[in-house]
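Quick note on labels: first sequence line is chain A, next is B, and so on, each numbered from 1.
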Number of protein chains: 2
Amino acid sequence: MKSGTASTTWVYFIPAGDIPADLILSGESRLDRYLVQEVRRVRGEAPLMIRSGAGLIRIESASPIRFSGHRSEGSAGRFALRAVVQHLHYAGRSEWMNLKKIACPEPAASAKTAAVLVPVGKSAEWWKLSQDERQILFQKTIRHEGHLGIGRRYADRIFQRLYHARHIDPEAPYDFLAYFEFNEADAPDFRKMVSELRDIRTNPEWLYVDFEYEIWMKKVSTLTKPDP
Amino acid sequence: MKSGTASTTWVYFIPAGDIPADLILSGESRLDRYLVQEVRRVRGEAPLMIRSGAGLIRIESASPIRFSGHRSEGSAGRFALRAVVQHLHYAGRSEWMNLKKIACPEPAASAKTAAVLVPVGKSAEWWKLSQDERQILFQKTIRHEGHLGIGRRYADRIFQRLYHARHIDPEAPYDFLAYFEFNEADAPDFRKMVSELRDIRTNPEWLYVDFEYEIWMKKVSTLTKPDP
């Protein structure tokens, strides 16, 4: 592995109980447990295998993990959603520094900690756009606030993380796993934020979204080592 | 698989003779044969397993291929270099349209067709940069011609293709497989181009390159179906 990529974060969402017996979490890895409360289809036809009432586990790891026997979401059998944190694709340095100043840290697990996993797929048209064409759709302009501008207004109370799945899990019907956490009291604000992100007048980027689900969960606990 | 990503091109470079018996090339796939002539280390210490005199095969495919028993470059045993064509990360629409107008098509296989595969790895510092910081290093500015500007001057005679390996092959010591083809008479121009790309006064992006090899080959033949 390239030494320079040691800070990469791989993520896996797997059914609770499917933790591989030989999984060793290094100091940079972590494991969170969730209870799925609701699965809402927003756009797209491909079914998700995650059901409400199920237990789900997120593993973040500095190196990729192979789950033998796990299939991609959308296939038969057990599943593992997998993705990776990548470099910044649209945020500029000053935007990013400003965002980091105001953004809330990831909340601790608790009965009041809501987590929403949002698998998002974009159309072939999106991926044919050049960098400047995609960039302008993300940015604030005189015509629209854009994805970055909308997300920023909620960043002090809605924890946001983006994992990339495109080319990492080619069989998956999504390109990204957007992930959010917040105190359940802020759920109305989360709903407001996603409705603004889905309004093409404020965020024209959403014209190119052709797959989207919301998986509402409680973040029950966080472990640095898996259960024995 | 997302229907929207059907135009994706996956690439594999494998030893000649290692074509999987069950490989079926669809209409969108192709297979090229090469003879390796020289392997030149430019930067970085990780060894490459490719040796001069060896036969090499490139497979381009619309969907990913699993090569069972093949290890990543840098591991023991047989190898497969794997990567994928991604969307445009730095080129703007007008730059891209201008480039397409002047760029030569991929040359046909022949005894005079030179191909150079250039695995390139970038440092952790590169991947921590924001989009605007990386963009400025690629572009032509008052201070430098930049990667895009230099490549453009040679595009009418040097065929250029970029495959992305970062996060696709996490164990590989490179992030990209840059690929070039030209008539052997244009080899001096190719050498001139890469020397300009490696001059940080004309292309400061190269400050962030920490791994680079040149694999010089002849493109011997192109097949749309593998040998029986």
Side-chain angles (χ1 to χ4, degrees), chain A residues 1-8 10 44-46 62-65 72 74-75 82-97 99 121-136 138-139 164-175 208-211, chain B residues 1-8 10 44-46 62-65 72 74-75 82-97 99 121-136 138-139 164-175 208-211:
Chain A
M1 186 187 301
K2 271 178 66 68
S3 59
T5 57
S7 62
T8 298
W10 297 82
E45 293 305 325
S63 29
I65 301 172
S72 286
S75 307
R82 52 178 185 275
V84 67
V85 176
Q86 292 190 345
H87 55 287
L88 299 172
H89 284 79
Y90 302 105
R93 174 62 55 191
S94 66
E95 255 168 326
W96 187 244
M97 298 303 279
L99 184 62
K122 283 184 169 168
S123 65
E125 288 67 37
W126 173 260
W127 298 111
K128 284 180 200 155
L129 295 179
S130 54
Q131 178 66 28
D132 55 350
E133 289 167 329
R134 284 178 280 107
Q135 181 82 45
I136 205 78
F138 263 93
Q139 275 175 336
H164 293 252
R166 180 168 157 85
H167 297 142
I168 306 299
D169 189 359
E171 289 166 40
Y174 48 81
D175 296 310
Y208 299 89
V209 170
D210 63 7
F211 182 89
Chain B
M1 188 187 302
K2 272 179 65 72
S3 58
T5 55
S7 62
T8 298
W10 298 81
E45 293 306 324
S63 27
I65 301 172
S72 286
S75 308
R82 51 179 187 274
V84 68
V85 176
Q86 292 191 345
H87 54 288
L88 298 172
H89 284 80
Y90 303 104
R93 174 61 58 192
S94 65
E95 255 168 327
W96 187 244
M97 298 302 279
L99 184 63
K122 283 184 170 167
S123 64
E125 288 67 37
W126 174 260
W127 298 111
K128 285 179 199 157
L129 296 178
S130 54
Q131 177 66 27
D132 54 350
E133 289 167 329
R134 284 179 279 105
Q135 181 83 44
I136 206 78
F138 264 93
Q139 275 176 338
H164 294 252
R166 180 168 155 87
H167 297 141
I168 305 300
D169 189 359
E171 288 166 41
Y174 48 80
D175 297 310
Y208 298 90
V209 170
D210 63 8
F211 182 90

Sorted by chain and residue number, the side-chain contact (heavy atoms from CB on, under 4.5 Å) partners of Ala83(B) (sequence neighbours excluded) come out as Val11(B), Tyr163(B), Ala165(B), Leu177(B)
Cut-off 4.5 Å, heavy atoms of chain A, and the answer for Gln135(B) is side chain
### Task
State which residues pass ring-ring contact (aromatic ring centres under 6.0 Å, His included) with Trp10(B); sequence neighbours excluded, sorted by chain then number.
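If we apply the ring-ring contact (aromatic ring centres under 6.0 Å, His included) test to Trp10(B), skipping adjacent residues, the hits are His167(A).
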- Could you tell me which non-hydrogen atom of Ala91(B) sits nearest to which non-hydrogen atom of Ser130(A), and how far apart they are?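 Result for this residue pair: O-CB, 3.5 Å.
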Is there a side-chain contact between [X] and [Y], using heavy atoms and a 4.5 Å cut-off?
X	Y	value
Gln131(B)	Tyr90(A)	no
Leu88(B)	Arg134(A)	yes
Leu129(B)	His87(A)	no

